[in-house]
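Only one structure is covered here, and it is reproduced in the block below.
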Amino acid sequence: MECTTLTAIIRTISPASVLWRFQTELDVEYKYLASRIRAISLTTMTKSITPLNAQLVTFTTTAPISQVLERLDREVNRDNAGGLFPLLRTSETKEDLQRGMIEMTRGNNFIFFLQMDHTSWMRLYDKDAPKTVVYTIGNPLVAQTMMQHDMRAAYYVPPRILIKERVGTEGTEVIYHLPSSVIVIDGDNDVLRAAAENLDEKLERLIVKVTETELK
């Protein structure tokens, strides 16, 4: 009985109906693939190059590099900077961040982010390579005054500072890009320029303090 019923059902299915169903499913699949191809074809990539009038600032001091680094560590509160990244991750309000940063910086303008010491590996290639260290220091409270007006400023904040021994003589060089010369890309952004020039001043005061030969 069941076999007879199944045979009857099969007889009612015409080849034309099977073909129609197959064609319908094929059309749906084709339309989906076509939409995906159109989406891919509409995805484009462009490249632009924006000239910058970058200025490199160099402070030269007779103070030895060990002394400069010791002073810098103290000014950026390196020993107590371990809580910086947890603070950035966990702050739920700007007030939380402000309180945490004021406590961490102890009222100074900058906090230690990280250090890259190029000395050891460079001496594998040049045994006389001078001691060379790059510090990244900053302050989110200062950074936001610029990033609010141009998020591209994030590429240059927190700023980096190169500290290296002078070659052939005693002393140290401290080198960095003048923040306003690389952060202000659009010349008519006066608010951004004012904030970046404020960072210029803060950074210079710090470097003068760590490089002066006689601390006041």
Checklist entry - Within a reach of under 6.0 Å around CZ of Arg160, are more than 12 heavy atoms found that belong to other residues, nucleotides or ligands? => result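 No, the 6.0 Å shell around CZ holds no more than 12 heavy atoms from other groups.
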
Item to check | Residue Glu170 excluded, over 12 heavy atoms near CD under 6.0 Å | outcome: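 Counting neighbours around CD of Glu170, 12 or fewer heavy atoms of other residues, nucleotides or ligands fall under 6.0 Å, so no.
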
Look at the side chain of [X] and the backbone N and O of [Y], then say whether any donor-acceptor pair between them is shorter than 3.5 Å.
| X | Y | answer |
| --- | --- | --- |
| Thr119 | Thr132 | yes |
| Ser91 | Leu88 | no |
| Glu165 | Lys131 | yes |
| Glu103 | Gly100 | no |
| Asp186 | Asn189 | no |
| Asp200 | Ser180 | yes |

Below 4.5 Å, heavy atoms only, C-beta onward: do [X] and [Y] meet side chain to side chain?
| X | Y | value |
| --- | --- | --- |
| Ile65 | Arg166 | no |
| Arg78 | Phe113 | no |
| Thr211 | Thr172 | no |
| Leu203 | Phe110 | yes |
| His118 | Met116 | yes |
| Leu199 | Ile183 | yes |
| Thr62 | Thr213 | yes |
| Asp73 | Asp79 | no |

Item to check | Spatial distance of atom CZ (Arg205) from atom NZ (Lys209) [nearest 0.5 Å] | outcome: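 With rounding to 0.5 Å, CZ (Arg205) is 10.5 Å from NZ (Lys209).
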
Item to check | Gap separating the CG atom of Leu72 from the CG atom of Leu206, nearest 0.5 angstrom | outcome: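 Leu72 atom CG to Leu206 atom CG measures 6.0 Å (nearest 0.5 Å).
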
Checklist entry - Using a distance-only test with no angle check, is there a side-chain donor-acceptor pair under 3.5 angstrom linking Asn53 and Ser181? => result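 Result is no, nothing qualifies.
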
Item to check | Closest heavy-atom pair and its distance - Pro158, Ile137 | outcome: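 Looking at all heavy atoms of both residues, the shortest contact is CB-O, 3.1 Å.
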
Checklist entry - How far apart are the C-alpha atoms of Thr93 and Asp96, what are their side-chain angles, what is the distance that settles it, and do they pass the side-chain hydrogen bond (donor to acceptor under 3.5 Å, both in side chains) test? => result CA-CA 5 Å; Thr93 66; Asp96 291 340; 3.3 Å; yes

